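Below is one structure, written out as structure tokens; the observations come after it.
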Amino acid sequence: MKSIYIKICDEGWIIEQLASRLTRELDDVAYGLDDRSGATLCYHLPYLTYARRTAPRVAGFFTHIEADEERRAKFWAAARDFDHCTCQSLRYAEAMVQKGVSAVSVISPGVDLDFFRPEVRIGVVGRTYDSGRKGEAIIAQLLDLPGIRWSFTGRGWPGGGRMIDVSGMPAFYNDQDYILISSLYEGGPMCMLEALACGKEVIAPPIGWVEEFPHIEYPTGDVEALRRILLGLVAKRQALREHVMTRTWRAWVDEHDLLFQALLRA
């Protein structure tokens, strides 16, 4: 018999994933749907699985307070009976403290930072010409920028391109974060109208009719200026990512390990 038993409410759902991470990476931990006697600590994941004490020490994971009065009452009954309450968010931990529940901590589920990574999607529309006026030489110097996914339509681009029928172009635009115009001179270009019609921001030099419309501007032909703009867009995504850099699965496991060991010693 394991010293720590995690009682879950359902299989094949996020709750089981949370429990399985703990049992996989920690010693002396098991989980299941039934009430199991013999464990020193029963951890209810979530608190709704709690009906009565089945172990000397009981604790539970709280996500939110239900609007339903019966479940709301169960939330507070469990919180007051548990030896320790863990909350997914600070909001509910503070609500518990205000209600006089003192043994509370916040342990947030994590995110796989290797799998979920920021990516700025840059779309380039059109075809190139022998004159080089579409600016393909500029783009060739930027393809190695980290954090950018390039997509091209037409022929002649250094990153290759897809031939997309007119009917497929709205989907192409809407799959991008920004549309880049790298041309050295243009009458239009038409892709600016199409991109804006799809609500997409355009990065472009002051050519053709570009200045008549909202856009992110860089000097015509200036590779380094365009590089700075693109790196700035990637940096904005990275800055958002920084807010969750501590919300890892390793932290989820380690913080529970500290809690479990403290409860077993109590």
Side-chain angles (χ1 to χ4, degrees), residues 108 110-248:
S108 169
V111 60
D112 187 337
L113 293 169
D114 292 324
F115 183 69
F116 294 97
R117 306 186 65 86
E119 180 181 74
V120 177
R121 298 168 298 174
I122 302 292
V124 181
V125 177
R127 61 171 181 167
T128 64
Y129 299 93
D130 292 342
S131 64
R133 72 174 179 87
K134 287 291 186 176
E136 59 270 27
I138 294 172
I139 291 177
Q141 300 176 65
L142 301 171
L143 289 181
D144 62 343
L145 290 179
I148 293 179
R149 188 194 77 184
W150 294 88
S151 297
F152 299 89
T153 72
R155 300 186 180 91
W157 299 106
R162 291 182 290 153
M163 301 305 295
I164 301 177
D165 186 80
V166 173
S167 63
M169 286 305 297
F172 176 86
Y173 283 113
N174 283 306
D175 192 43
Q176 312 306 316
D177 296 315
Y178 302 89
I179 297 299
L180 171 63
I181 297 169
S182 57
S183 303
L184 303 178
Y185 49 91
E186 286 278 4
M190 290 298 296
C191 67
M192 183 161 202
L193 304 185
E194 296 167 351
L196 291 175
C198 290
K200 294 296 176 175
E201 288 192 80
V202 176
I203 305 167
I207 57 173
W209 57 27
V210 165
E211 292 174 293
E212 300 174 34
F213 302 98
H215 63 286
I216 301 171
E217 186 168 305
Y218 69 95
T220 306
D222 192 331
V223 177
E224 293 310 309
L226 181 53
R227 183 189 305 276
R228 287 192 294 272
I229 288 172
L230 296 177
L231 288 175
L233 297 176
V234 172
K236 285 176 63 177
R237 295 290 177 86
Q238 186 62 39
L240 292 173
R241 176 180 168 87
E242 291 298 320
H243 291 282
V244 299
M245 291 301 288
T246 60
R247 300 292 182 95
T248 64

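Keep in mind the model is a prediction, meaning the values are calculated, not measured.
Minimum interatomic distance between Ser183 and Pro205 (heavy atoms only, all atoms of both residues): O-CG, 3.4 Å. When all heavy atoms are compared, the tightest approach of Tyr173 to Cys198 is CB-SG, 3.8 Å. Pairing each heavy atom of Trp157 with each of Val125, the nearest pair is CZ2-O, 4.1 Å. Here the closest heavy-atom approach between residue Ile138 and residue Gly221 is recorded as CD1-CA, 3.6 Å. Taking every heavy atom of both residues into account, Phe152 and Gly160 meet most closely at CB-O, 3.0 Å. Residues Leu184 and Ile207 come closest through the heavy atom pair O-CG2, 3.5 Å.
For the atom pair Leu180 CG and His215 NE2, the distance stands at 12.0 Å (nearest 0.5 Å). Remark: Leu231 CG to Glu224 CD distance equals 9.5 Å, nearest 0.5 Å. If you take OH on Tyr178 and CD1 on Ile216, they are separated by 5.5 Å, rounding to the nearest 0.5 Å. With values rounded to the nearest 0.5 angstrom, Ile164 atom CD1 is found 5.5 Å from Met169 atom CE.
Inter-residue side-chain proximity for Trp209 and Met190 is flagged as met; some heavy-atom pair is nearer than 4.5 Å. When side chains are defined from C-beta on, Tyr218 does not count as touching Leu230, because their heavy atoms never get closer than 4.5 Å.
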(request) Evaluate the criterion side chain to side chain contact (heavy atoms under 4.5 Å, CB included) for residue pair Phe213 and Leu193; output intermediate values, then yes/no. (result) CA-CA 9 Å; Phe213 302 98; Leu193 304 185; 3.5 Å; yes
(request) Evaluate the criterion side chain to side chain contact (heavy atoms under 4.5 Å, CB included) for residue pair Leu196 and Ile179; output intermediate values, then yes/no. (result) CA-CA 9 Å; Leu196 291 175; Ile179 297 299; over 6 Å; no
(message) I'd like to know whether Glu136 forms a side chain to side chain contact (heavy atoms under 4.5 Å, CB included) with Tyr129, so could you lay out the CA-CA distance, the side-chain angles of the two residues, the decisive distance to 0.1 Å, and finally the verdict.
(response) CA-CA 9 Å; Glu136 59 270 27; Tyr129 299 93; over 6 Å; no
(request) Using the side chain to side chain contact (heavy atoms under 4.5 Å, CB included) rule, take Arg155 and Met163 through it: C-alpha gap first, then chi angles, then the decisive distance, then the call. (result) CA-CA 8 Å; Arg155 300 186 180 91; Met163 301 305 295; 3.8 Å; yes
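Lys200 places a side-chain N or O within donor-acceptor distance of the main-chain N or O of Gln176, the cut-off being under 3.5 Å. When atom types are taken as modelled, the side chain of Thr153 and the backbone of Gly126 share a donor-acceptor pair closer than 3.5 angstrom.
With respect to Lys236 and Asp177, no salt bridge is recorded, no charged nitrogen being found less than 4.0 Å from a carboxylate O. Note on Glu186 versus Arg133: salt bridge recorded, some NZ/NE/NH1/NH2 to OD/OE distance being below 4.0 Å.
Ser182 meets the side chain to side chain donor-acceptor pair (under 3.5 Å) test with no other residue; sequence neighbours excluded.
No more than 12 heavy atoms of other residues, nucleotides or ligands sit less than 6.0 Å from atom CZ of Arg127. Within 6.0 Å of CZ in Arg247 there are 12 or fewer heavy atoms belonging to other residues, nucleotides or ligands. Applying the 6.0 Å contact sphere to CZ of Arg121 captures more than 12 heavy atoms from other residues, nucleotides or ligands.
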Give every donor-acceptor pair under 3.5 Å between a side-chain atom in residues 139-151 and any protein atom, sequence neighbours left out.
unit_1: Gln141; atom_1: NE2; unit_2: Ala137; atom_2: O; d: 3.2
unit_1: Arg149; atom_1: NH2; unit_2: Asp175; atom_2: OD2; d: 3.0

